K.L.:
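What follows is a structure written as structure tokens; I'll ask about it next.
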Amino acid sequence: METNAQPPMRILVIVAHPDDIEFGMGGSVARWADEGAEVFFCMVTDGSAGSNEPGVDLRALAERRRQEQLEAAAILGVREVRFLGYRDGVLQPTMELRRELTRLIRELRPFRVVCQDPTLVFWQDGYINHPDHRAAGEAAIYAVFPSAETRPIFPELADEGFEPHHVSELYLNFSPQANHFVDISATMDRKIAALLCHRSQVGPEAEQWVRQWDAEAGKAAGFPYAESFRVMRFIPDK
Ligand SMILES: [Zn+2]
């Protein structure tokens with residue numbers, strides 16, 4: 001029997017919407033899970049703005065998207081998905097959201113937090129970054145630092161029993177300053193399968209352009225398929 005086995009690495013991925021992870025980093029998540037990491041997802045919004053049909057039942061849509069996300073997470077090997085239930089489309093990086101994310105970080109105590117890069121406003125000349133992505137990313141990075149590791153911030157969390165926690169790594173997805181490429185060639189098929197679970201949002205045609213994107217990212221790194229991140233590492237004070 002092994003006596004000095006390392007505990008698995010814990011990774012917490014925080015994003016605005018169901019499907020954000022599968023588009024941007026599903027291959028990396030599957031790879032980390034394959035390598036033995038315990039991966040947790042946190043969906044900040046309920047995904048209820050994911051339809052332009054007039055008169056659509058938003059509560060039913062949110063429930064459908066929750067089921068799609070659970071199905072996708074199972075394919076990627078994720079341990080648990082948390083849903084915070086904020087309204088889709090109008091997310092703000094409030095102190096309330098920062099407190100909730102701080103509580104989650106202190107509860108799960110991840111080594112690595114992954115979130116959306118809040119500094120991205122425009123992607124090249126063709127896309128305005130969704131404001132929910134920026135809001136979720138901003139709340140997440142400030143939950144990582146300083147809130148999660150600083151006892152006097154949100155003293156009510158310490159009163160609830162959530163002790164401070166230092167996050168060692170931050171991975172920012174969809175970043176204009178990517179400095180790290182994950183080879184997802186072995187998990188690309190599972191990424192596509194997980195993405196296509198989001199049937200209320202994407203059809204089979206999504207496969208072609210997602211493969212194209214990830215092949216493009218791979219070219220820069222010398223892999224058949226890759227996903228990119230801006231990675232930051234934090235040395236503890238003590
Ligand atoms: Zn999104």
Side-chain angles (χ1 to χ4, degrees), residues 11-35 37 39-53 60-84 88-89 114-117 120 123-124 126-130 132-133 136-137 140 171-175 178 180-221 223-229:
I11 300 174
L12 172 60
V13 187
I14 299 167
V15 293
H17 307 120
D19 81 14
D20 289 344
I21 293 173
E22 287 70 25
F23 271 113
M25 46 188 147
S28 302
V29 166
R31 180 176 173 159
W32 296 332
D34 286 353
E35 289 169 351
V39 185
F40 292 76
F41 283 176
C42 172
M43 300 294 133
V44 176
T45 79
D46 61 8
S48 62
S51 170
N52 254 347
E53 292 289 310
L61 177 61
E63 181 50 33
R64 186 170 173 203
R65 297 201 67 184
R66 181 187 175 98
Q67 293 307 323
E68 290 171 348
Q69 184 59 67
L70 290 172
E71 207 183 311
I75 290 174
L76 299 176
V78 170
R79 179 155 159 189
E80 197 185 326
V81 188
R82 302 285 181 97
F83 297 89
L84 300 189
D88 186 359
V114 186
C115 67
Q116 292 157 305
D117 187 338
L120 178 71
W123 185 259
Q124 297 169 349
Y127 178 67
I128 298 171
N129 192 14
H130 196 297
D132 288 359
H133 298 168
Y171 275 49
L172 299 167
N173 191 227
F174 209 27
S175 175
H180 181 71
F181 290 83
V182 176
D183 179 359
I184 60 162
S185 310
T187 52
M188 188 66 196
D189 290 349
R190 270 157 71 206
K191 169 176 182 166
I192 298 294
L195 176 64
L196 297 184
C197 290
H198 296 279
R199 287 174 291 274
S200 68
Q201 304 301 304
V202 295
E205 70 287 348
E207 171 164 5
Q208 199 192 345
W209 49 267
V210 170
R211 280 190 187 273
Q212 224 162 350
W213 274 359
D214 292 350
E216 205 57 44
K219 217 176 283 173
F223 306 131
Y225 293 111
E227 289 165 345
S228 70
F229 298 89

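All figures in this text were calculated on a predicted structure; none of them were measured in a lab. In this chain, residues are counted from 1 in sequence order.
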K.L.:
Do E227 and R31 sit within salt-bridge range, that is, some charged N less than 4.0 Å from a carboxylate O?
P.N.:
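Judged by the 4.0 Å cut-off on N to carboxylate O distance, E227 and R31 do not form a salt bridge.
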K.L.:
Please name the residue in the list V210, V202, I75 that meets the side-chain contact (heavy atoms from CB on, under 4.5 Å) test with L196.
P.N.:
V202
K.L.:
Mark yes or no for whether E22, through its side chain, and A72, through its backbone, hold a donor-acceptor pair below 3.5 Å.
P.N.:
no
K.L.:
As an exercise, state the distance from NE2 of H17 to CZ of R65, rounded to the nearest 0.5 Å.
P.N.:
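Result: 7.5 Å between the selected atoms.
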K.L.:
Would a 4.5 Å heavy-atom cut-off, applied to side chains only, mark D132 and V44 as touching?
P.N.:
no
K.L.:
Considering non-hydrogen atoms only, spot the tightest contact between G26 and L76 and give its length.
P.N.:
O-CD2, 3.4 Å
K.L.:
Roughly how far, to the nearest 0.5 Å, is CZ of F83 from CD of Q69?
P.N.:
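Between atom CD of Q69 and atom CZ of F83 there are 6.0 Å.
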K.L.:
Given the rule in the side chain to side chain contact (heavy atoms under 4.5 Å, CB included) test, do V15 and M43 qualify, once you have shown the distances and angles that lead to the verdict?
P.N.:
CA-CA 5 Å; V15 293; M43 300 294 133; 3.8 Å; yes
K.L.:
Nearest 0.5 Å, what's the CG-CG distance between L120 and N129?
P.N.:
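Spacing of CG (L120) from CG (N129) equals 4.5 Å.
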K.L.:
Looking at D19 and R199, does any basic side-chain N land under 4.0 Å from a carboxylate oxygen?
P.N.:
no
K.L.:
Before giving the answer on side chain to side chain contact (heavy atoms under 4.5 Å, CB included), spell out for I11 and V114 the whole-Å C-alpha distance, their side-chain angles and the decisive distance to 0.1 Å.
P.N.:
CA-CA 7 Å; I11 300 174; V114 186; 3.8 Å; yes
K.L.:
Got more than 12 heavy atoms from elsewhere within 6.0 Å of CD, E53?
P.N.:
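No, because the 6.0 Å sphere around CD of E53 holds 12 heavy atoms or fewer from other groups.
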K.L.:
Of the non-hydrogen atoms in H130 and G89, which two are nearest, and what is the gap between them?
P.N.:
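Smallest interatomic distance, heavy atoms only, reads CE1-CA, 4.1 Å.
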K.L.:
Do S28 and F229 have side chains that approach each other closer than 4.5 Å (heavy atoms only, starting at C-beta)?
P.N.:
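Of all side-chain heavy-atom pairs linking F229 with S28, at least one is under 4.5 Å.
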K.L.:
Would you say CD of Q208 has more than 12 non-hydrogen atoms from neighbouring residues, nucleotides or ligands within 6.0 angstrom?
P.N.:
no
K.L.:
Provide the full list of ring pair (Phe, Tyr, Trp, His ring centres under 6.0 Å) pairs with a residue in residues 182-220, sequence neighbours left out, each pair given once.
P.N.:
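Residue pairs passing ring pair (Phe, Tyr, Trp, His ring centres under 6.0 Å), neighbours aside: F23-W209, W209-W213.
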K.L.:
Evaluate the criterion side chain to side chain contact (heavy atoms under 4.5 Å, CB included) for residue pair D20 and F41; output intermediate values, then yes/no.
P.N.:
CA-CA 11 Å; D20 289 344; F41 283 176; over 6 Å; no
K.L.:
Main chain of A49, side chain of D88: is a donor-acceptor contact present, judged purely on distance under 3.5 Å?
P.N.:
yes
K.L.:
At what distance, to the nearest 0.5 angstrom, does CG of L195 lie from CD of E68?
P.N.:
10.5 Å
K.L.:
So which atom in G218 and which in A226 form the shortest heavy-atom distance, rounded to 0.1 Å?
P.N.:
CA-CB, 3.6 Å
K.L.:
Testing the basics here: between L12 and C42, what is the closest heavy-atom pair and its distance to 0.1 Å?
P.N.:
CD1-CB, 4.3 Å
K.L.:
What pair of heavy atoms forms the shortest contact from A215 to Y225, and how long is it?
P.N.:
N-CD2, 3.6 Å
K.L.:
Give me the one residue out of D183, D189, T187 that meets side chain to side chain donor-acceptor pair (under 3.5 Å) with S185.
P.N.:
D183
K.L.:
Using modelled atom types only, decide if a donor and an acceptor are shared between the side chain of S48 and the backbone of A62 within a distance under 3.5 Å.
P.N.:
no
K.L.:
Under the side chain to side chain contact (heavy atoms under 4.5 Å, CB included) rule, what do Q212 and E216 come out as? Steps first, then yes or no, please.
P.N.:
CA-CA 6 Å; Q212 224 162 350; E216 205 57 44; 5.8 Å; no
K.L.:
Once you round to the nearest 0.5 Å, how far does CG of L172 lie from OG of S228?
P.N.:
10.5 Å
K.L.:
Could you tell me which non-hydrogen atom of F223 sits nearest to which non-hydrogen atom of F181, and how far apart they are?
P.N.:
CE1-O, 3.9 Å
K.L.:
Hey, what do you get for CD1 (I192) to CG (D214), rounding to the nearest 0.5 Å?
P.N.:
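Separation between the atoms: 7.0 Å.
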